[in-house]
There are 2 protein chains.
Amino acid sequence: MKRFPISPESSRCSSCILSDICLPVGMSQHDISLMDEFVKERVRIPKGKQLFSLGDEAEAIYGLRSGAMKILLHDSSGQMQITGFVLPGEIIGIDGLGNSKHLSQAVALEDSEVCVIRVADIDRISPHLPILQQQFRRLMGMEINRSHQMVMTLGTLRSEQRVAAFLLNISSRLAALGYSSRDFILRMSREEIGNYLGLTLETVSRLLSRFAREHLIRIKQREVQILDMAALQAIAGIDVDPDNHLGK
Amino acid sequence: MKRFPISPESSRCSSCILSDICLPVGMSQHDISLMDEFVKERVRIPKGKQLFSLGDEAEAIYGLRSGAMKILLHDSSGQMQITGFVLPGEIIGIDGLGNSKHLSQAVALEDSEVCVIRVADIDRISPHLPILQQQFRRLMGMEINRSHQMVMTLGTLRSEQRVAAFLLNISSRLAALGYSSRDFILRMSREEIGNYLGLTLETVSRLLSRFAREHLIRIKQREVQILDMAALQAIAGIDVDPDNHLGK
DNA sequence: CGATCAATTGAGCCGTCTCAATTTGGGTGG
DNA sequence: CCACCCAAATTGAGACGGCTCAATTGATCG
């Protein structure tokens with residue numbers, strides 16, 4: 001795995017364009033500059049290669065700087081489940097923090113680059129930077145909520161709702177990155193989407209085709225264009241009418 | 001909500017029978033005695049009442065001392081999903097730590113009692129008791145893993161596997177508490193089990209009946225007796241044969 | 001320009017849900 | 001103590017959503 005020191009100025013936390021959605025969210029400029037102290041390393045992961053895998057020592061967490069990754073879980077019978085897709089600015093490896101060993105595997109969907117934050121450094125610095133403890137609590141809390149949201153999706157939504165919710169989720173995360181929320185490229189295959197959503201790849205494909213036939217989206221391979229955001233939200237079960245929350 | 005100070009000696013962390021599976025897990029006797037300092041309060045929650053609900057300030061976490069609870073999530077369209085059942089010795093409210101507001105709701109399945117650990121106290125004491133930070137990281141990590149496991153279950157398992165895995169899960173958690181792993185009473189209804197597993201109550205009922213017909217369990221209302229643990233494990237997909245993990 | 005992999009589309013089947021009827025059990029008041 | 005009531009659980013019949021299997025088309029890449 002290629003590790004290399006961070007280049008002169010370009011990519012410190014203090015000057016990173018992702019700093020407002022990445023780990024330093026909400027930190028003062030002064031505190032962020034302290035982070036430059038221990039984010040000294042970056043790693044490139046070519047498409048298809050893994051950043052870490054099941055059983056690896058969880059000695060660091062990673063901020064995705066560019067590219068896209070998927071997080072995989074394996075069970076005792078060899079089943080595999082994708083628990084999440086990671087976009088730039090998002091954090092990878094939080095789930096290993098509690099155990100010191102990773103229980104998941106992170107694989108690049110395309111050539112990617114991550115910033116390395118060593119757990120040892122965190123523990124060393126956090127006494128002098130109390131906000132860091134809070135940041136980690138917040139990050140882990142976010143991961144818990146994200147995962148609960150996933151449980152909600154898999155437990156209560158029907159296939160068309162899942163696919164619609166998936167598109168909207170990707171859309172809003174890309175929007176937060178400054179990209180268009182209406183036009184984007186999916187970085188994962190139909191099979192990966194299906195696995196993530198608890199559906200087969202055929203079902204995903206059929207639903208995307210149907211959405212296109214109904215003029216909610218335009219889709220050509222992995223290029224997506226959202227034509228009717230409101231209709232997708234309605235399908236996904238995101239009520240615009242606040243009264244509906246009350247009734248049964 | 002009835003709050004009352006902890007009685008003289010009986011129920012301090014340092015003398016609690018749950019201390020080896022509850023929050024103090026792995027702490028030294030000395031460190032545990034420090035915890036007595038800030039676990040000064042307990043709360044009783046009658047069956048059907050809630051400990052906290054969506055939007056409440058997350059000012060504390062709770063260790064379940066007796067009884068049983070369920071954790072609920074609500075979505076914008078009024079759908080409800082049970083994300084977990086809590087047994088004695090387990091911690092409630094971890095999911096609110098990141099946001100300072102609870103996004104879930106905790107409801108008692110039967111008359112219950114929890115120990116209150118105030119977040120403010122944690123923040124005050126943890127600088128002097130570094131192991132506490134680790135404990136919290138560990139707890140949040142466990143919650144993440146638990147939730148990921150849930151995603152795995154909902155994403156990959158078929159109904160009979162989910163129900164079998166559910167029974168085994170409850171069984172092993174009760175065993176950790178010192179109760180029988182073969183005979184126990186379910187504290188939740190078929191409807192609650194179904195909601196939790198992403199199935200209907202009828203499907204749950206049918207599968208329990210089928211398991212009974214096949215002599216894997218005996219079941220009479222909520223009383224469960226496991227007759228063939230190995231067979232249930234086989235159904236749940238817990239391979240005894242380690243070779244199976246490798247092949248596809 | 002063929003080879004290979006990803007995606008689409010169709011046909012038929014199976015598992016789970018829906019709707020409905022019945023049984024069981026527990027609690028309450030006469 | 002018994003009769004009644006209500007909620008929980010069981011069981012059945014039928015419908016339907018999503019899966020499986022299979023064939024075809026469409027990209028991508030040496």
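In what follows, every chain begins at residue 1, and chains take the letters A, B, ... in the order their sequences are listed.
Annotation: the span from Leu154(B) atom CG to Leu197(B) atom CG amounts to 7.5 Å, rounded to 0.5 Å. The distance from atom CG of Asp183(A) to atom CD1 of Ile217(A), rounded to the nearest 0.5 Å, is 12.0 Å. Of the inter-residue distances, the one linking Gln149(A) atom CD with Ser147(B) atom OG reads 10.0 Å to the nearest 0.5 angstrom.
Rounded to an integer number of Å, the gap from Met188(B) CE to dA7(D) P is 21 Å. The nearest whole Å value for the distance from the CD atom in Gln221(A) to the P atom in dT25(D) is 15 Å. Between Glu110(A) atom CD and dT28(D) atom P the separation is 14 Å, expressed in whole Å. A straight line from CD1 of Ile185(A) to C1' of dA27(D) spans 14 Å, rounded to a whole angstrom. Atom CG in Leu186(B) sits about 15 Å away from atom P in dA8(D), given to the nearest Å. We find that CD of Glu192(A) is positioned 8 Å from P of dA7(C), with the value rounded to whole Å. Distance Leu197(A) CG to dC19(D) P: 11 Å, rounded to the nearest Å. dA7(D) atom C1' lies 12 Å from atom CG of Leu201(B), rounded to whole Å.
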>> Please determine whether salt bridge (Lys or Arg N to Asp or Glu O under 4.0 Å) holds for the pair Arg44(A) and Glu113(A), giving the CA-CA distance in whole Å, both sets of side-chain angles, and the decisive distance to 0.1 Å.
In response: CA-CA 4 Å; Arg44(A) 289 203 188 111; Glu113(A) 203 172 302; 3.4 Å; yes

>> Output one letter per nucleotide in nucleotides 10-21 of chain C: B when a protein non-hydrogen atom lies under 4.0 Å from the base, S when only the sugar-phosphate is that close, - when neither is.
In response: BB----SSBBB-

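For the pair Met69(B)/Leu109(B), no side-chain contact is recorded, criterion being any heavy-atom separation below 4.5 Å from C-beta on.
Aromatic ring centres of Tyr196(A) and Phe85(A): separated by under 6.0 Å.
At dT11(D), one or more side-chain N or O atoms of Ser209(B) fall inside 4.0 Å of OP1 or OP2 (strictly under the cut-off).
Only one option out of Thr153(B), Leu207(B), Ile193(B), Thr203(B) pairs with Arg162(B) in a side-chain contact (heavy atoms from CB on, under 4.5 Å); it is Thr153(B). When each of Leu167(B), Leu208(B), Ile235(B) is checked for a side-chain contact (heavy atoms from CB on, under 4.5 Å) with Leu216(B), only Ile235(B) meets the rule.
In the displayed structure, Arg218(A) atom CZ is contacted under 6.0 Å by at most 12 heavy atoms of other residues, nucleotides or ligands.
Overall, the helix from dC1(C)-dG30(D) to dG30(C)-dC1(D) carries an axis bend of 40° between its ends, with five pairs at each end and the value rounded to 10°.
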